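Just so it is clear: chains get the letters A, B, ... in the order the sequence lines come, proteins before strands, and each one is counted from 1. Just so we're clear, the structure is a prediction, and the values are computed from it rather than from any experiment.
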Amino acid sequence: MTKTYIATAIPYVNGAPHVGHAMDFLIADTYRRFLLAQGDEVRLQAGTDEHGNKVFKKAEQEGVPVQQFVDKNAAQFKEFIHRLGVEYTDFIRTTDEDHIRRCQLIWKQLEPYIYKDTYEGWYCEGCEGFVTQTEYDANNGVCPDHQKPYIKLSEENYYLRLSDFTDRIKEAIETDEMRIVPESRKKEFLNLLADVADVSISRPSKQLSWGIPVPGDDTQVMYVWVDALANYITVLGFPEEDISDWWPAKVQVIGKDILRFHAGIWPAILLGVNLPLPHTLLTHGHITVDGAKMSKSVGNVIDPIEILDKHGTEPFRYYFLRHVPTTEDADFSWEKFESAYNELANDLGNLVQRLSTMCQKYSIAGQGLSAGQTSDNRYEDLMRNFEFSNAFNHVWSKIQDINKAIDDAKPWEIAKTGDQAKLQSTLSDMVKDLLSASQLLAPFLPETSKKIDDIFTAAKITPPATSLFPKA
RNA sequence: CGCGGGGUAGAGCAGCCUGGUAGCUCGUUUGGCUCAUAACCAAAAGGUCGUUGGUUCAAAUCCAACCCCCGCAACCA
């Protein structure tokens with residue numbers, strides 16, 4: 001049995017989950033369910049990134065101990081993932097003991113590529129952080145948040161010598177040994193990779209107290225890179241355990257904003273500890289709201305929990321898996337969501353209703369009925385190529401075909417002729433088609449698929465007490 | 001001359017790589033049907049495929065130039 005490992009980016013827990021976070025989980029879960037159906041043994045990791053100044057300060061603001069703060073937020077994310085109908089096998093928090101210890105072991109292994117140097121840059125005392133020269137110029141030397149001039153500050157950092165790996169990484173990306181999906185992002189990143197600089201991977205502990213101590217140097221704490229990126233392998237037990245059954249990951253699902261770290265820094269870390277690179281970095285886009293970028297200052301942030309409360313898991317999955325092209329940006333608006341919900345109710349909900357009603361009326365037994373055709377090449381190609389929204393569309397066309405078939409066959413007229421045998425075979429063919437479609441639908445809408453199976457394989461087919469997707 | 005993506009019916013998009021009757025979803029109009037959640041099915045209307053030029057028997061598709069929009073430009077899911 002093929003063992004497959006799927007990894008999702010771990011969200012930073014300085015706030016509540018928003019719609020964007022859902023994409024990682026839904027995409028990974030859909031692929032996981034597809035592979036399970038194909039007979040793979042699948043491990044899906046999820047987790048939370050919990051260190052760093054922003055989390056530390058947020059906890060201070062709320063007046064709670066940091067650990068308590070991250071415990072609360074991690075629980076919130078777990079609950080969120082659960083409500084998306086996503087099932088993970090492993091959940092990692094970067095504050096886990098195991099993770100911290102393994103990170104330090106990884107750091108030790110990376111030491112041949114680590115050196116200490118002085119970082120000098122523009123620093124804002126209000127933000128307690130450095131800004132880039134570009135940002136400095138854009139703000140004319142004054143921090144917009146704190147109205148304080150940036151000061152020149154220097155500090156000691158450990159650096160990872162990325163230049164030791166860039167040739168190797170470039171080659172891996174070009175040859176698709178580590179495939180970046182979609183192709184356009186691959187091109188984009190290869191351009192970026194041309195002028196890559198070594199990356200700072202630690203901070204003085206007096207600047208950054210909430211983090212993993214650098215082994216053998218009390219004055220330094222690991223910055224986000226090693227700490228967060230290593231989660232994908234520490235969760236499997238590396239370096240204390242042999243992870244070769246699961247690693248390299250078949251796919252790592254990430255947002256387009258973090259591609260550069262996953263395609264640039266992450267492979268360097270892996271090469272530094274002699275591990276192979278992930279097979280695929282699947283990059284999804286961002287969700288805009290009413291055509292505008294989501295932002296707290298504009299106040300157009302959509303709370304995914306609100307959508308889930310109002311409409312439930314399956315319509316949520318339907319919208320974000322079918323109407324958001326897997327690797328592209330897409331827009332969310334309540335209007336679009338409502339119209340998608342109507343499609344779901346009209347095409348599928350109504351189909352289940354009308355077909356089950358006829359089966360009941362004309363006494364068609366579900367017992368012994370099963371999916372007719374169980375494999376579909378086009379569907380499998382799309383799924384394997386991570387074109388989930390297109391695969392979903394393909395499944396949907398099958399559902400629409402059944403609606404057409406019913407209108408063509410007109411079972412109610414066959415009933416009038418009294419030809420019970422023909423009625424039986426006509427309707428059971430349709431049920432079989434629906435059960436086939438239901439199988440393909442399962443990775444996207446698992447609960448709905450299960451309901452359909454239950455209804456149409458029952459000894460006595462009866463319409464559901466409440467329709468699958470009721471309309472107000 | 002920084003890099004990338006895009007400009008196709010009222011809206012949202014596919015088609016472009018590998019030239020050959022311009023397609024899908026929603027919306028609109030008309031018709032059909034009654035098993036069904038006023039749902040479903042069928043048909044129709046609607047496009048100078050950003051602009052200009054080139055290659056070709058033939059260009060949305062290949063080439064060149066230009067115009068417009070949107071991202072990115074190392075620590076924003």
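If you measure from atom CZ of A/Phe261 to atom P of B/A73, you get 8 Å, rounded to the nearest angstrom. When the C1' atom of B/C75 is taken as reference, atom CG of A/Asn157 falls 12 Å away, rounded to whole Å. As rounded to whole Å, 11 Å separates atom C1' of B/C24 from atom CG of A/Asn390.
Across all strands shown, A/Ala9 has no heavy atoms under 4.0 Å from either base or sugar-phosphate atoms. Residue A/Lys186 is out of contact with every strand shown, counting any heavy-atom pair closer than 4.0 Å. As judged by a 4.0 angstrom heavy-atom cut-off over every strand, A/Asp408 is placed among residues making no nucleic acid contact. Using a 4.0 Å heavy-atom criterion, one finds that A/Asn350 contacts the bases of the nucleic acid, with or without backbone contacts as well. Looking at heavy-atom distances under 4.0 Å, A/Tyr12 makes no contact with the nucleic acid at all.
Between A/Tyr232 and A/His262, the ring centre distance stays below 6.0 Å.
For A/Lys471 and B/A39, the shortest distance from a side-chain N or O to OP1 or OP2 is below 4.0 Å. In this structure, A/Arg260 reaches the B/A73 phosphate: one of its side-chain N or O atoms is under 4.0 Å from OP1 or OP2. At B/C40, one or more side-chain N or O atoms of A/Asn346 fall inside 4.0 Å of OP1 or OP2 (strictly under the cut-off).
Between the side chains of A/Glu155 and A/Thr118, not a single donor N or O lies within less than 3.5 Å of an accepting N or O. For A/Asn73 and A/Glu50, the side-chain atoms include no donor-acceptor pair closer than 3.5 Å.
Both the sub-6.0 Å distance and the 45° axial angle are not jointly satisfied by A/Arg161 relative to the ring of A/Tyr113.
When the side chain to side chain donor-acceptor pair (under 3.5 Å) test is applied to A/Thr175, no partner is found at least two apart in sequence or on another chain.
You won't find any donor-acceptor pair under 3.5 Å spanning the side chain of A/Arg185 and the base of B/C72, going by distance alone.
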> Given the rule that a pair is Watson-Crick or G-U wobble with both distances under 3.5 Å, how would you write RNA chain B in dot-bracket, using | for pairs to a different strand?
Replying inline: .(((((((.[[[[.)....(..]]]].(((((.......))))).....[[[[[..)....]]]]])))))).....
All N/O contacts under 3.5 Å from nucleotides 29-35 of chain B to the protein, with atom names and distances to one decimal?
unit_1 : atom_1 : unit_2   : atom_2 : d
B/C35  : O2'    : A/Arg354 : O      : 3.3
B/C35  : O2     : A/Arg354 : NE     : 3.1
B/C35  : N3     : A/Arg354 : NE     : 3.4
B/C35  : N3     : A/Arg354 : NH2    : 2.7
B/C35  : N4     : A/Arg354 : NH2    : 3.3

>> With ring-ring contact (aromatic ring centres under 6.0 Å, His included) as the criterion, how do A/Tyr341 and A/His311 come out once you've worked through the C-alpha distance, each side chain's angles and the decisive distance to 0.1 Å?
In response: CA-CA 9 Å; A/Tyr341 184 87; A/His311 298 283; 5.4 Å; yes
